[in-house]
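Since the structure comes first, as structure tokens, the remarks are kept for the end.
All figures in this text were calculated on a predicted structure; none of them were measured in a lab. All chains are named by letter (A, B, ...) in the order of the sequence lines, taking the proteins before the strands, and each is independently numbered beginning at 1.
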Amino acid sequence: MRPVFRKLSAMLSVTLLLILTGCSNEKYLVLDPKGPIASAQKDLILITVAICTAIAIPVFIITAVIVWRYRERPNSKASYKPNWEHSTKLELTWWGIPIIAIIILAIVTVNYTYKLEPSTAIQSDKEPIEIQVTSLDWKWLFTYPEQGVATINYVQMPVDTPVRFKLTSDMAMNSFWIPSLGGQLYTMSGMAMTLHLLADEEGSYYGSGANFTGEHFAQMTFTANVTSQEEFDAWVKDVKSTEAALTEEDVVKLKEKGTHEVAQFSSFPDNVFYDIMMQYVEEGEKGAHAHHVTTSEDAEASEHQHH
Amino acid sequence: MFETIKEFASEFFVTGDPMILGAQVSIALAMVAIVFVLTYFKKWRWLWSEWLTSVDHKKIGIMYIICSILMLFRGGVDALLMRVQLAAPELEFLHADHYNQIFTTHGVIMILFMAMPLMFGLFNIIVPLQIGARDVAFPFLNSFSFWMFFAGAMLFNLSFVIGGSPDAGWLAYPPLSELTGSPGVGQDFYIWGIQISGVGSLASGINFVVTILKMRAPGMKLMKMPMFSWSVLASSVTIMFAFPILTVTLFLLFLDRYVGAHFFTVDAGGNPMMYLNLIWMWGHPEVYIVVLPAFGIFSEVVATFSKKKIFGYKSMVFALMSISFFSFFTWAHHFFTMGSGANVNAFFAVTTMIIAIPTGVKVFNWLFTMYRGKLSFPTPMMWAVAFIPCFVVGGMTGVMLSVAPADFQFHNSYFLIAHFHQVLIGGVVFGYFAGLYYWWPKMFGFKLHEGLGKWAFWFWNIGFYVCFMPQYALGLMGMTRRFNEYNFDMGWQPLNVVSTIGAFLMGIAFIFQVWQIAHSIRFMKKENTGDNWGQGRTLEWSIPSPAPFYNFARTPKVVAQDDWWEKQQRRERGEADPAEVIAADNAPLEPIHMPKNSGIPIIMSGFWFIAGFGFVWDWTWMVVLGLVGVAVSMLARSFNYNDDYYVQADEIERIEAAAARGAN
């Protein structure tokens with residue numbers, strides 16, 4: 001037998017090295033968090049890696065030792081017990097080890113699942129701002145109800161301020177993901193999902209549509225630009241004074257299949273987000289999505305309960 | 001007139017792409033060549049009466065395996081095309097629409113038309129031999145299952161040259177897969193290709209459950225049954241419960257597309273999210289359906305080449321059955337990011353983790369089967385040993401993905417892609433290769449060339465790690481699955497190049513395997529023994545290789561878990577067999593009741609193919625023609641009472657004597 005395990009363990013350590021060096025490498029977006037959500041998710045990832053490696057490494061060693069020691073060769077001193085097939089003590093041990101590991105992991109996971117539930121507001125001194133996100137084929141429309149501006153394939157947000165992203169989709173299901181700030185959430189037509197994120201560092205972050213939506217889905221990347229509150233306010237003012245308005249006709253065009261350049265608009269039609277969300281819901285219908293349909297007032301009401 | 005034909009043809013055939021044109025031409029040439037060879041060598045009758053109409057489980061199994069290797073080739077070419085496209089940023093090798101078709105067909109083909117038939121092939125060839133049966137419980141249904149699979153697979157593959165391939169992803173999420181998102185016929189080929197072959201899979205599942213429960217040789221209590229047969233039972237039970245869900249789901253999607261229903265549309269009260277739930281209620285058990293038999297194969301291979309009993313038999317059985325059970329309670333982990341709330345996510349995170357427990361126990365039991373054994377390393381054992389570390393890493397990343405809040409960062413990224421390829425290649429493909437190499441001499445009477453097999457092994461293994469380890473890293477870099485291109489600034493290129501190199505190493509490995517098979521057919525010596533590895537443990541090694549068409553001349557009497565091995569041990573020790581075994585071995589030969597070959601399965605599946613093709617193109621006359629044909633075939637079967645015969649004792653004696661002469 002050739003030393004297959006040495007090769008494998010070498011490869012594993014290279015991988016691990018890649019991941020670990022990645023922590024200092026800004027290319028590994030998930031491991032280089034720029035906000036509390038991504039940061040907690042990274043902690044969780046490291047906890048699971050630790051638990052898993054604590055089991056996996058001994059397994060690799062045991063495998064290598066057994067394969068080496070018990071290989072058939074002349075004058076082998078290793079014992080050979082062809083009928084040894086049961087040992088209650090040993091079997092209890094390895095039912096026990098994974099059970100304990102999984103119990104620990106399950107407790108951690110359940111805990112974090114409630115803590116990181118995307119619709120839960122983030123604790124902060126600052127009032128959250130709302131940004132409405134609509135995935136269309138194949139572009140992202142961002143509308144800022146409080147600022148009255150709109151952007152395409154680009155999102156601007158102030159640093160250290162919780163952002164309440166409201167997510168919907170015009171047609172196919174997509175997934176809104178800014179890895180540096182936190183995990184993704186699906187955008188689905190007929191629903192307004194809530195994803196809370198916060199950036200605690202200024203910078204430009206990569207964002208993408210993580211769920212396949214057809215032909216030019218790969219073009220649905222965008223930049224999340226995080227600046228100071230002053231710069232954000234200045235940006236809003238600038239957009240309002242220099243850019244054109246997003247009209248109803250523009251919205252109709254946006255719904256057509258196609259890609260779009262980065263763009264900014266000084267205003268947008270009232271309620272465009274909820275109109276797109278509700279477009280397929282007939283009057284008075286209590287569809288399957290009814291419980292997901294929340295207006296911004298409802299959202300604010302639930303907001304207060306969390307505080 | 002001519003114009004209409006031209007217009008029709010341009011819509012009917014996929015045109016305008018030089019690569020597809022090349023494929024069309026080569027498919028046409030290959031078909032002409034096959035027809036020519038069969039006619040020239042006057043082999044049509046032989047093909048029809050020996051193979052196409054055969055109800056012999058061994059021949060059906062071999063046909064499954066041939067199809068599966070062809071599909072592995074096609075799915076593999078798809079994979080290589082994708083890897084070429086991703087090797088450089090903003091490459092113009094494949095256009096977006098073409099790329100989308102390729103990853104869709106890659107996924108469907110690899111799971112449903114490569115892994116499933118390879119699995120059914122091994123089920124077919126080995127299970128009856130391993131449990132001491134003369135065939136499966138329903139041989140006619142078995143043949144029907146194979147031909148339904150074949151018809152479905154051909155219908156799906158036809159979309160490549162006629163009409164256009166599906167391009168909505170391998171599970172075809174609506175609303176993208178609805179008429180609004182995918183107006184072309186590709187999606188209809190998807191629905192009907194899978195529907196038709198799905199019927200075959202369900203029937204096979206039922207067939208093997210009944211075979212295993214009812215057809216075991218006397219004395220083989222369930223708890224004395226070989227581990228592979230146990231794993232087949234676990235997998236088949238899972239098929240029985242999972243495949244009806246797939247059929248119903250795709251039927252509802254069909255109703256949406258064909259008659260304008262609104263089950264999964266976004267308008268008129270439809271709910272696309274229901275589709276995600278339903279398809280994964282099948283989809284998650286499906287991955288266990290294909291991996292459980294691989295576990296069974298490892299148990300056989302590891303025990304055989306350790307010359308030792310499987311360790312913790314009862315634990316192993318319990319683990320298999322509990323994995324099968326829990327596989328039905330984890331489906332929502334495929335969409336933690338749907339926003340179902342913390343309660344739902346916590347539940348499914350925990351159920352998913354629970355599966356890691358029995359799986360982990362199995363790994364320990366394999367390790368302790370080798371412990372205090374005498375390990376030899378022919379190719380099947382090499383695959384089994386390579387599987388362990390690979391699957392442990394795959395399982396580990398699976399546990400990482402099951403942690404719901406962390407999954408929000410892994411979901412739909414290359415981390416996920418790397419994970420499921422690691423469990424599907426490292427678990428399923430490595431497992432089935434181990435099984436194929438292990439049982440090959442039982443199928444054909446000669447072994448596969450070891451040297452070439454080792455080359456293939458190393459290329460596969462090194463290629464696998466080179467290809468998929470970088471993808472874990474790419475996922476953490478934020479690279480999303482199904483991107484056909486990416487921006488240079490992301491810094492994704494170096495690792496993508498490495499990954500592409502790995503994919504080509506696996507491509508080279510496949511060429512080694514084809515070479516190995518061709519070389520072995522030509523040069524490997526026919527072995528005159530039934531126990532080709534010299535240390536077989538179970539009943540299949542007690543009869544000649546390849547097995548005579550009736551399998552066992554006399555019904556064996558089973559007294560031990562590893563019955564054949566124990567028998568050999570008794571001989572070595574000079575002990576006599578128990579009286580009941582002696583009686584069974586020396587019983588006078590009796591006529592054997594056998595099923596007759598039948599052309600109805602292939603004809604009926606052909607009509608299903610026609611009906612499916614009619615549904616795809618919305619040609620009612622063709623649908624009616626196909627379904628009438630199906631109904632007539634069923635009637636023909638119902639009123640055919642001449643479907644069995646007896647092999648007489650003197651003929652059995654002749655065949656057995658010939659096999660024994662060969663052995664001397």
Side-chain angles (χ1 to χ4, degrees), chain A residues 1 4 8 11 15 18 27-31 41 44-45 48 52 56 59-60 62-63 66-67 70-72 79-85 91 94-95 98-99 102 105-106 109-110 112-114 116-117 171-172 179 183-186 189-190 193 206 208 210-212 214-216 218 280 287-288, chain B residues 96-97 169 173 175-176 181 266-267 269 271-272 307-309 311-313 315 337-339 342 345-346 349-350 353 356-357 360-361 364 367 370-377 385-386 388-389 392 396 399-400 403-406 408-409 411-412 465 469 473 476-478 480 482-485 491:
Chain A
M1 182 62 197
V4 56
L8 294 185
M11 275 173 173
T15 320
L18 267 174
K27 276 198 295 190
Y28 290 85
L29 306 177
V30 170
L31 300 175
Q41 280 162 336
L44 190 53
I45 290 169
T48 46
C52 289
V59 170
F60 294 145
I62 293 171
T63 312
I66 289 177
V67 166
Y70 294 99
R71 72 193 193 283
E72 191 172 24
S79 63
Y80 172 53
K81 294 195 171 162
N83 291 320
W84 185 69
E85 52 153 352
E91 291 207 54
W94 54 72
W95 276 98
I99 286 176
I102 293 302
L105 193 60
T109 302
V110 171
Y112 270 89
T113 304
Y114 284 93
L116 293 177
E117 164 57 30
M171 178 46 80
Q184 63 195 280
L185 200 65
Y186 286 162
S189 81
M193 310 302 296
Y206 169 77
S208 71
N211 193 69
F212 179 62
E215 192 174 355
H216 292 296
Y280 303 107
Chain B
D97 54 345
Y173 283 3
L176 187 61
V266 288
D267 57 338
N271 188 352
K307 290 192 184 167
K308 193 162 160 282
K309 266 190 177 165
F311 193 88
Y313 180 89
S315 270
T337 55
M338 198 197 264
N345 283 1
V350 173
M353 289 173 189
I357 299 169
V361 170
F364 282 117
L367 288 176
M370 294 194 277
Y371 180 70
R372 295 181 179 167
K374 254 186 204 166
L375 313 184
S376 53
F377 294 95
V385 171
I388 291 176
V392 167
M396 220 175 88
V399 168
M400 291 173 71
V403 177
F408 281 66
Q409 285 282 39
H411 187 58
N412 276 347
Y465 288 99
M469 291 302 121
L476 298 175
M477 288 176 164
T480 309
R482 293 171 175 173
F483 269 10
N484 68 313
E485 57 180 18

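Note that CG of A/N83 and CZ of B/R372 are 13.0 Å apart. Values are rounded to the nearest 0.5 Å. Atom-to-atom distance recorded for A/I102:CD1 and B/M353:CE is 6.5 Å, nearest 0.5 angstrom.
Put simply, of B/A356, B/G373, B/A349, the one with the most heavy-atom pairs under 4.5 Å next to chain A is B/G373. Comparing A/I45, A/L116, A/I62, A/V110 by how many heavy-atom pairs each has under 4.5 Å with chain B, the most go to A/I45. For chain B, the option among A/H216, A/E72, A/M171, A/Q41 with the highest count of heavy-atom pairs below 4.5 Å is A/E72. Counting heavy-atom pairs closer than 4.5 Å to chain A, the top-ranked of the candidates B/G181, B/A342, B/G169, B/A406 is B/A342. Contact tally against chain A (heavy-atom pairs below 4.5 Å) for B/L375, B/L367, B/N412: the top residue is B/L375. Counting heavy-atom pairs closer than 4.5 Å to chain A, the top-ranked of the candidates B/N484, B/L176, B/D267, B/V361 is B/V361.
The closest donor-acceptor contact from the side chain of A/E215 to the backbone of B/A96 lies at 3.5 Å or more, if one exists at all. B/Y173 places no side-chain N or O within 3.5 Å of a backbone atom of A/N211 that could act as its donor or acceptor partner. Between the side chain of A/Q184 and the main chain of B/T337, no donor-acceptor pair closer than 3.5 Å is present.
Contact record, A/S189 with B/V266: OG-CG1, 2.8 Å, taken as the closest heavy-atom pair.
Interface residue A/I66: backbone and side-chain heavy atoms are both found under 4.5 Å from chain B. For B/V350, the part sitting under 4.5 Å from any heavy atom of chain A is the side chain, from C-beta outward, and nothing else. Of the two parts of A/E117, only the side chain, counted from C-beta on, holds a non-hydrogen atom closer than 4.5 Å to a non-hydrogen atom of chain B. Contact of B/V403 with chain A is made through backbone and side chain together, with heavy-atom distances under 4.5 Å. With a 4.5 Å cut-off on non-hydrogen atoms, B/A404 touches chain A through its backbone and its side chain both.
Residues A/P82 and B/K307 have side chains not in contact (no heavy-atom distance under 4.5 Å, counting atoms from C-beta outward).
For A/E91, the side chain to side chain donor-acceptor pair (under 3.5 Å) test picks out A/H86, B/S315, with sequence neighbours left out. A/Y206 meets the side chain to side chain contact (heavy atoms under 4.5 Å, CB included) test with A/L29, A/P179, A/S208, A/T221, B/F483, B/M490, B/W492; sequence neighbours excluded.
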Hey, mind stepping through B/T480 and A/F212 against side-chain contact (heavy atoms from CB on, under 4.5 Å) and telling me if it holds?
CA-CA 9 Å; B/T480 309; A/F212 179 62; over 6 Å; no
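The aromatic rings of B/Y371 and A/Y70 stand perpendicular to each other, their planes meeting at an angle above 60°, with 30° marking the opposite boundary.
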